[in-house]
Amino acid sequence: MASLTASSLSFSSVSCSFKPNQVSNLRKASLSFSGKGFPSHRMPALRFRVACAAKPETVNKVVEIVKKQLALPEDRDVNGESKFATLGADSLDTVEIVMGLEEEFGISVEEESAQSITTVQEAADMIEKLLEKK
Amino acid sequence: MASSLKYVRVPPNSASLAEARQRVFEFFKTACRSIPSIMEIYTLHDVVAPSHLRSTIASEIRKNAHVTNTKVIDMLLFKATEELSNIVEHAKQRHHIIGQYVLGRQGLDVGTKDQGVSDFLKNFYKSNYF
């Protein structure tokens with residue numbers, strides 16, 4: 001179940017750059033969605049896709065920090081694709097959110113990467129990358 | 001450690017508003033990155049959370065967000081850098097930090113001093129024009 005949700009995340013993730021594999025994975029996944037159970041030999045392929053996008057709990061932590069920073073109400077829907085600008089954050093808010101993420105995950109973000117972050121998903125992907133490097 | 005942190009040579013003039021913006025963000029990041037050591041120096045661990053200090057710094061920056069003259073922005077950044085270096089090298093004391101950055105509008109004055117006084121006197125104490 002968890003791998004199914006993770007693979008659906010990787011479909012919507014814009015930053016995943018494995019184009020040919022994504023198309024073939026779509027075909028594989030549509031086959032597995034139609035049936036209740038999927039053959040176990042599909043599992044390794046689906047698990048490999050998880051490494052490309054950010055983990056759901058990372059995205060959730062990012063969403064939580066964003067909500068607290070911008071003082072958004074709890075029922076406001078914030079997902080991977082929300083841009084910071086649409087949520088009402090100006091540039092100082094974006095920098096502050098990045099600083100909050102730095103503190104939360106114990107990473108250190110350089111200049112160019114910080115400039116390019118516009119959505120929640122990009123932030124989560126960058127965090128994953130930095131955590132892997134450590 | 002403290003003096004090496006603050007030895008950022010701020011060049012005298014920002015060429016454009018965009019460069020001044022970049023400098024402001026640089027300053028904000030430096031300040032946020034020195035928050036852990038500030039909490040260590042003044043033992044603020046039970047008093048305030050780092051996120052609270054971050055939002056205080058951000059609101060101070062936002063107070064001057066309407067400024068468009070790059071020279072004024074440079075001057076404000078210089079003063080801010082000076083303040084930050086004073087704090088980081090322990091030139092201030094704990095009650096300064098708590099009064100100026102942790103507490104709200106009134107700071108350390110609890111406000112019982114002038115409670116029975118008339119409005120005229122309150123305005124008079126504050127400024128010449130009311």
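So you know, we letter chains A, B, ... as the sequences are listed, proteins then strands, and number each from 1. Atoms considered below: every heavy atom in the structure, side chains included; atoms not considered: hydrogens, waters and symmetry mates.
Taking OG of S55(B) as the reference point, atom NZ of K68(A) lies at 9.5 Å (rounded to 0.5 Å). The line from CE of M99(A) to CD1 of I35(B) is 9.5 Å long, rounded to the nearest 0.5 Å. Taken from OG in S51(B) to CD in E103(A), the straight-line distance is 6.5 Å, to the nearest 0.5 Å.
Across all their heavy atoms, R33(B) and V109(A) have their closest contact at NH2-O, 3.2 Å.
The 12-atom threshold is exceeded at CD of Q22(B), counting heavy atoms of other residues, nucleotides or ligands nearer than 6.0 Å.
E102(A) touches chain B through its side chain: at least one heavy atom from C-beta onward sits under 4.5 Å away, while N, CA, C and O do not. Proximity to chain B (any heavy atom under 4.5 Å) is restricted, for D90(A), to the side chain, taken from C-beta onward. The parts of E96(A) that come within reach of chain B are both its backbone and its side chain, each placing non-hydrogen atoms under 4.5 angstrom from that chain.
Put simply, the side chain of I97(A) does not reach to within 4.5 Å of the side chain of R54(B), judged on heavy atoms.
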